[in-house]
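Below you'll find the structure, written out as structure tokens, and then a few comments.
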Amino acid sequence: MNFVLHGHAVSTGITVGYAHLVATARLEVAHYEIAPDAIDDEIERFDRAMRAAQKDLEDLKAHIAADAPKEFAAFLDLHRMILSDSALSVVPKDLIRTRRSNAEWALVQQMERLVERFEEIEDPYLRERKADVQHAVERVLKQLMGAQTVVEPAVSEEQKLIVVAHDLSPADMILFKRHRYGGFVTDVGGVTSHTAIVARSLGIPAIVGLHHAFQTISEGELVIVDGERGLLVVNPDPVVLAEYRERQAELKAERQRLKKLKKTRSTTEDGTPIELFANIELPQDTAEVLDAGAEGVGLFRTEFMFLNRKDLPGEEEQFEAYRDVAQAMKGRPVVLRTLDVGADKAMNGGAGQHTMPNPAMGLRAIRFCLAEPQMFLTQLRAILRASHYGEVRILLPMVAHAHEIDQTLALIQQAKQQLEERDQPYDRAVQVGGMIEIPAAALALPIFMRRLQFLSIGTNDLIQYTLAIDRTDDAVAHLYDPLHPAVLTLVANTIQTATRGGMPIAVCGEMAGDLQLTRLLLGLGLRNFSMHPSQLLPIKERVLNTNLAEVQPAAQRVLRNTDPAKTRDLLAKLNS
Ligand code: PEP
Ligand code: MG
């Protein structure tokens, strides 16, 4: 039977593929069969990752800080020993050869076998060593999954898999970055939830709020994800399928055409430079950032590194990740946002969240960090150390009060002092900025302008808090309106006040990557946009075709207007 489900498109494009029902939040590493003639290459890939992980451990040992606990070196040695043992260095290769498993899968299978054996040990100390096995293996997996050479599952353009789920948390979604799915659809979720944001960053079509997809679709059914109109077509008839294939080909040609703009300087028709930055969630995302020709990373959502794990990433692990991003960007600015956990991005699978009556308004982002100063200091030290390797800037999320900034600046000072004592280098002039995403902050800008060196408007939260709608709740998704006069007034005033005061101001929320809003934001004075890499080239094309002298008065008309129907007309005119 063929039918169509309607939802909210969160990532554009069209994919035709087969439904893959994901019922559980626990997603694992990709599992696929490799071709017989790819076995040797896969074994070489495995060996390379092993060697890189061993080298990582050696390097870490060579650079242990003088005041680090003694156990640290012993722990690094233990992990090297674990990786050298034939149970991990040889047996997975047998699995690759005999079962034609991909390297990640072979390694994880073997790790699970070892962990089971550890669990049978009576001695509690030895039993707990299973965590060391897991950590050591994760280091190899990081190499395998972060490497450019990852072998893709053997799915052709015609055989893409579409994930169909009732709900996916941002933590689940980030795991999909390691897989090669063709699209995502969920029954629930708001368009600017972090789940949707990660889906968008994957650059593949996604729809949320379909309500009955998980119940009504069977595993393996042919579906079309229409990310342009928010439609899921199940078991399409041949005519519909042919039409969609045609549209798919058009979109592909369009993407190819836009690639030519990668090196074009981003200026308006009248020659005003417009900075286009990219948002990332994981260190390995920098390849796409460079590929899109971005001027830098305008928002690194560091909290994604803290999800899907029971422990917190330590200073070394964080430092390596931030340093890798700084180095990959080769001197281009990298804005590292400090941990923004809470609300829909819960650590430890959400432990503690359930007791919060309203997590979006609770101990989230800077509030959480200031309540956990040791954890915050660890991140600040890691960021500062990375600042030695590139043009790193620190961005503070959800600031509303002067004392939050004062406290944070004091902690940054303390972190610097600790690095001085350890004789570790950092950029002494590292800039600190704040996100304007709570209406109170937008209305009291001087508080932030006096204390900080740059600002970035987080429109996703600014809209959520201004209009009092939960961005993760699809029941109120229709009320999420970037064009609401209250939202536009806050955005416009923030841009204007900051610009007049000589303070750099960017927009890094989803509004920055919305093609419908580019001219409006340019007309309101915005000169710095940060968005998903996949949106950068279409936005650049729009910038190149915009005349500031024309859009400025038109943007003011949109801003002054309070009639929603007229707003849409004015915007359509602005974009025509
Ligand atoms: C925002 O709120 O607009 C933003 C960029 O941050 P996040 O979406 O991660 O909350
Ligand atoms: Mg935000």
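Because only heavy atoms are used, hydrogens play no part in the values below, and waters and symmetry mates are left out as well, while side chains stay in. We count ligands from 1, going down the list as the structure has it; atoms in each ligand are counted the same way. Since the structure is predicted, the reported quantities are computational estimates derived from the model, not experimental observations.
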Between CD1 on residue Ile274 and OG1 on residue Thr268, distance to nearest 0.5 Å: 5.5 Å

Modelled atom types, side-chain donor and acceptor of Asn493 and Gln496, under 3.5 Å: no

Lys/Arg cation over aromatic Phe319: Arg323, 6.0 Å, 45° cone: yes

Protein N/O/S count near the Mg ion (ligand 2) (criterion: distance under 2.8 Å): 2

Pair Gln516-Asn575, side-chain donor/acceptor within less than 3.5 Å: yes

Within 6.0 angstrom of Lys262 NZ, more than 12 heavy atoms from elsewhere: yes

Heavy-atom check, side chain of Met329 versus side chain of Leu290, under 4.5 Å: yes

Neighbouring residues of ligand 1, heavy-atom cut-off under 4.0 Å: His194, Ile197, Leu299, Arg301, Arg337, Asp340, Lys345, Arg364, Met435, Glu437, Gly458, Thr459, Asn460, Asp461, Arg471, Cys508, Gly509

Minimum heavy-atom distance Ala196-Val191, with the two atoms named: CB-O, 3.3 Å

Side-chain H-bond candidate by donor/acceptor type, Thr192 with Glu510, under 3.5 Å: no

Member of Leu521, Leu559, Leu526 meeting the side-chain contact (heavy atoms from CB on, under 4.5 Å) criterion with Val491: Leu521

